[in-house]
Novice: 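Mind having a look at this structure? Questions to follow.
In this text, all values refer to a predicted model and were calculated from it rather than measured experimentally. All heavy atoms count here, side chains included; hydrogens, waters and symmetry mates do not.
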Amino acid sequence: MDGASGSVSGRLGLSDADRRQLLYLDAVRAGLDPGVPPPWRVDWATGTDLDPRLELKLHVGPVTAVAFGVVEQRPWVAVGVEERGSPARLLVGDLLSGQLRELPCDEPVRSLSFATMSADHALVSGHEGGRLRLWGAADGTLRKTWEAGDHDVEKLDVVESGREAWAVTRDANCRVRCFSLPSGEPVEVPGTGHACAMCAGRLSDGRAVVLLGDDGLSLWEIASGRSSSLPVPSECLRLRSVALSRVDGRDCATMMDEAHRIATIDLSAGAQIAPAITAHMAAHPDAVMEIASLRGPHPPLAVMAGRLAVPTRWRVHLWNLGTSQQDVSPIAGTVAGCLVQAVRWQDRDHLVTASPRDGVVALWDLDQPLVRALGHEQRVSRVVVAKPDGIVVSADEGGTIVARHAGDGHVLAQPLATGVESTRALAAWREGDDIIAAQGAGARHASDSNLRRWNLTTGEPYGPPIDAHPNVVHWLSRIALPGGDALVSYGPDGMLKIWRPHDGVLLAETLTNVESKLTGFATGIVEGRPLAVLTSYSQPMAVYTLDDLAAPPTVISTAGDDVALAIAGPHIVAAHSRTAPRTVRVWHLSGQRIGPGIPGDAEITTLAPRTWPAAFIGRADATVSLTDLHTGHDLCPRMLLPTVPSTMTVTADGDLIVGFGSDLARVRPPG
């Protein structure tokens with residue numbers, strides 16, 4: 001499915017090694033015979049995100065715009081890609097084979113749409129600064145360039161009727177314009193030509209129309225120039241997104257207002273067809289339902305076969321517009337904060353998703369049956385190995401905690417759905433035959449000051465919740481102290497606290513010198529002394545001795561704005577830069593820099609030390625490397641995952657446990 005290239009991160013398709021690694025991983029996840037393993041061997045992997053509704057996918061890199069078309073009976077995609085530090089690119093090609101061509105365009109692409117124009121397949125691209133370009137889809141030639149205003153072309157729809165075709169655009173200043181294709185001649189837009197929301201398409205009778213939404217809603221018929229006002233539910237605020245839809249054979253308009261309330265009306269009757277969808281409303285979304293899209297205040301809507309696709313942080317939720325209910329499971333996998341587009345392929349309605357974070361374009365057939373594997377329903381946020389080594393415990397954003405056998409990955413107890421949103425902190429251990437987990441959480445929309453403990457074996461709370469810190473508990477670790485194992489936590493009150501695990505008694509605490517938001521937290525044992533490293537926005541890196549909190553911390557002022565990731569022996573492994581860090585740096589506890597800075601092509605998302613000086617580094621291009629921190633050299637070829645690694649830990653024998661999407665895998669590097 002992916003074209004060949006030499007890039008381990010899947011740019012312009014995948015190399016043969018990348019393709020083999022992904023196919024091998026997916027075979028293990030599906031419980032099939034993986035055949036001969038590539039360099040990185042997978043002992044086990046979960047298959048929660050293996051969705052049978054996924055028909056085709058393509059790894060392309062951070063997406064800015066996407067379009068789907070049918071060229072000579074084959075599915076084609078056009079993709080705008082923009083990687084930090086690299087020129088913008090416009091790619092077009094066959095999704096079935098994954099063979100992509102790069103068009104001669106280095107101007108950032110903000111919108112795309114295919115046009116058939118009487119079987120003459122073309123592509124229209126909208127760019128920063130208001131420029132439109134018309135390309136030959138098959139040969140990649142630039143046919144025409146014209147201006148569509150002074151602002152970025154954020155929305156572009158091509159609508160065709162008979163022998164005529166039009167490109168309708170909305171720019172970043174909410175100005176709507178229309179152009180005849182292929183001449184580029186402007187067509188007058190009725191009214192002020194200003195709308196926060198725009199969607200062009202055809203009604204069931206073939207008429208080419210444009211929906212325009214702002215304080216009201218109107219329908220403009222392009223060929224005749226007629227424009228009519230449509231009713232908007234009284235509770236709706238200013239409209240931010242609109243979509244033409246067909247529900248039970250009726251032409252409808254689906255709209256989203258600035259509070260993310262979603263309503264659908266029948267265009268003929270003017271009546272609302274079902275109750276409004278309010279689960280995504282900005283006043284009360286939870287971590288699961290909050291809309292996320294690179295389109296900012298204008299999130300895209302896509303309707304296919306009467307279902308509305310709404311992208312959230314890690315899912316695409318699917319609503320039946322006739323009932324305003326979710327009658328099918330959300331789409332998981334490589335759809336983080338994605339663009340969505342309804343398309344027609346082989347006489348059936350499909351959905352295209354394009355995720356900037358995951359760098360994947362995918363085609364989905366929503367009519368395929370789906371049975372989810374036992375495990376996480378949300379993105380895995382934390383994974384730890386419970387001591388003694390042999391149990392892997394993971395938590396997801398929605399608060400579900402799962403314990404697995406480290407050897408083969410099988411679930412040891414029914415996944416515990418705690419319902420604690422925005423879970424970030426996790427520690428785990430064994431007490432006899434029971435598996436115990438400590439959990440911390442909290443977010444802007446749901447503060448949570450509790451440190452909770454759970455018996456995963458019985459599914460019951462392990463003692464009452466502990467009111468540990470104000471607002472959130474995102475930093476938590478289990479560490480051995482001279483008097484026995486303890487839980488170490490840090491909170492927004494600036495307090496470093498030590499708790500006795502079995503009864504939650506506070507053993508010690510100290511007020512740190514951290515006066516701004518904490519950026520990094522790591523604990524470890526160095527020469528028998530338990531240590532905690534803290535980094536923050538405005539204070540230098542500080543090292544605390546946990547068995548003597550009265551002692552002043554060791555301050556490493558030369559660490560600058562580094563973010564602590566881990567302690568490896570007497571070394572502190574950090575990411576350089578608080579925002580989108582790409583470089584790993586290592587510091588000795590004495591304050592001396594160790595080895596070179598280790599730069600990368602993508603942001604660091606997670607890191608786990610192996611045996612010094614080796615460490616696994618996960619990055620936002622979905623790669624994992626095993627790197628020598630002393631020399632900066634990779635110790636083996638990098639591994640490409642289906643999506644971005646979010647959390648990692650290492651077993652006692654050096655294998656990597658990595659969380660990606662809703663899944664986990666135990667991976668062994670070559671050599």
Side-chain angles (χ1 to χ4, degrees), residues 65 67 109-118 120 122-135 142-232 238-245 251-255 265 267-268 270 295 297-298 300-301:
V109 180
R110 295 292 173 259
S111 51
L112 290 164
S113 186
F114 279 97
T116 58
M117 296 193 299
S118 301
D120 179 18
L123 173 70
V124 185
S125 59
H127 302 268
E128 282 189 355
R131 188 170 288 109
L132 288 177
R133 287 188 169 95
L134 181 68
W135 308 82
L142 179 62
R143 298 180 179 177
K144 186 177 183 60
T145 299
W146 70 100
E147 301 298 324
D150 299 326
H151 300 275
D152 299 354
V153 181
E154 288 193 340
K155 181 79 161 64
L156 165 64
D157 290 334
V158 169
V159 58
E160 302 175 71
S161 181
R163 293 181 175 272
E164 294 188 275
W166 301 270
V168 187
T169 66
R170 191 209 71 234
D171 66 21
N173 203 34
C174 294
R175 181 75 178 178
V176 177
R177 291 177 171 85
C178 181
F179 303 90
S180 178
L181 290 179
S183 69
E185 292 297 318
V187 177
E188 184 179 356
V189 178
T192 63
H194 182 280
C196 286
M198 179 276 291
C199 173
R202 286 196 303 177
L203 300 182
S204 54
D205 59 9
R207 285 180 293 161
V209 298
V210 182
L211 271 177
L212 299 171
D214 206 305
D215 290 326
L217 183 65
S218 63
L219 184 71
W220 168 41
E221 186 179 341
I222 302 177
S224 67
R226 291 192 296 267
S227 179
S228 57
S229 296
L230 298 173
V232 175
R238 174 174 292 185
L239 303 183
R240 289 297 191 183
S241 294
V242 292
L244 288 165
S245 54
D251 288 319
C252 295
T254 298
M255 64 201 81
I265 62 168
L267 290 180
S268 298
R295 287 294 178 257
H298 307 280
L301 296 178

Novice: For the CG atom of Leu267 and the OG atom of Ser204, what is their distance to the nearest 0.5 Å?
Specialist: 9.0 Å

Novice: Give the minimum heavy-atom separation between Gly270 and Pro231, together with the two atoms involved.
Specialist: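 That closest heavy-atom pairing would be O-CG, 3.0 Å.
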
Novice: Going by salt bridge (charged side-chain N to carboxylate O under 4.0 Å, His left out), Glu154 matches just one of Arg175, Arg170, Arg110, Arg240. Which one?
Specialist: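 The single option meeting the salt bridge (charged side-chain N to carboxylate O under 4.0 Å, His left out) with Glu154 is Arg170.
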
Novice: Quick one: pull up CZ in Phe114 and CG in Leu123 and give me the separation to the nearest 0.5 Å.
Specialist: 5.0 Å

Novice: Is a side-chain donor or acceptor of Ser241 paired with a backbone partner of Leu301 at a separation under 3.5 angstrom?
Specialist: no

Novice: Would you check if Asp157 and Ser113 make a side-chain contact, meaning some heavy-atom pair closer than 4.5 Å?
Specialist: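 No, every pair of side-chain atoms sits at 4.5 Å or beyond.
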
Novice: Nearest 0.5 Å please: distance from the CD1 atom of Ile222 over to the CD atom of Glu160.
Specialist: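 These two atoms lie 11.0 Å from each other.
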
Novice: Would you tabulate the side-chain donor-acceptor contacts of residues 186-195 under 3.5 Å, counting partners in other chains and residues two or more places apart, or write 'none'?
Specialist:
from, atom 1, to, atom 2, distance (Å)
Thr192, OG1, His194, N, 3.3
His194, ND1, Asp214, OD2, 3.3

Novice: Determine whether Glu147 and Arg131 satisfy the following criterion, side-chain contact (heavy atoms from CB on, under 4.5 Å), listing intermediate values before the conclusion.
Specialist: CA-CA 5 Å; Glu147 301 298 324; Arg131 188 170 288 109; 3.2 Å; yes

Novice: Return the minimal non-hydrogen interatomic distance between Arg238 and Asp215, and the atom names on each side.
Specialist: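 Smallest interatomic distance, heavy atoms only, reads NE-OD1, 3.1 Å.
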
Novice: Could you grab the distance from atom OG of Ser245 to atom CE of Met255, nearest 0.5 Å is fine?
Specialist: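 Here the interatomic distance stands at 9.0 Å.
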
Novice: If I compare all heavy atoms of Ala253 with all of Leu217, which pair ends up nearest, and what's the gap?
Specialist: CB-CD2, 4.2 Å

Novice: Rounded to the nearest 0.5 Å, what separates atom CD1 in Ile265 from atom SG in Cys252?
Specialist: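 One gets 8.0 Å once the value is rounded to the nearest 0.5 Å.
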
Novice: Are the side chains of Val242 and Thr254 in touch, meaning some heavy atoms are under 4.5 Å apart?
Specialist: no

Novice: Shortest non-hydrogen contact from Gly201 to Val159?
Specialist: O-CG2, 3.3 Å

Novice: Just by distance, do the side chain of Asp171 and the backbone of Asn173 share a donor-acceptor pair under 3.5 Å?
Specialist: yes

Novice: Quick check: do Asp120 and Arg143 have side-chain heavy atoms less than 4.5 Å from each other?
Specialist: yes

Novice: Which heavy-atom pair separates Leu211 from Leu244 by the least distance, and what is that distance?
Specialist: CD1-CD2, 3.6 Å

Novice: Taking side chain to side chain donor-acceptor pair (under 3.5 Å) as the test, write out the residues that go with Ser161, two or more places apart.
Specialist: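 Result, side chain to side chain donor-acceptor pair (under 3.5 Å) vs Ser161: none returned.
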
Novice: Working to the nearest 0.5 Å, report the span between CD of Glu185 and CZ of Phe179.
Specialist: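 Going from the CD atom of Glu185 to the CZ atom of Phe179 covers 10.0 Å.
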
Novice: What pair of heavy atoms forms the shortest contact from Asp152 to Gly129, and how long is it?
Specialist: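 Asp152 and Gly129 have their closest heavy atoms at OD1-N, 2.9 Å.
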
Novice: Got a donor-acceptor contact below 3.5 angstrom from the Lys155 side chain to the Cys199 backbone?
Specialist: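 Here the side-chain-to-backbone pair does not exist.
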
Novice: For atom CG of Asp150, decide whether the heavy atoms of other residues, nucleotides or ligands shown that lie under 6.0 angstrom number more than 12.
Specialist: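 No, not enclosed.
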
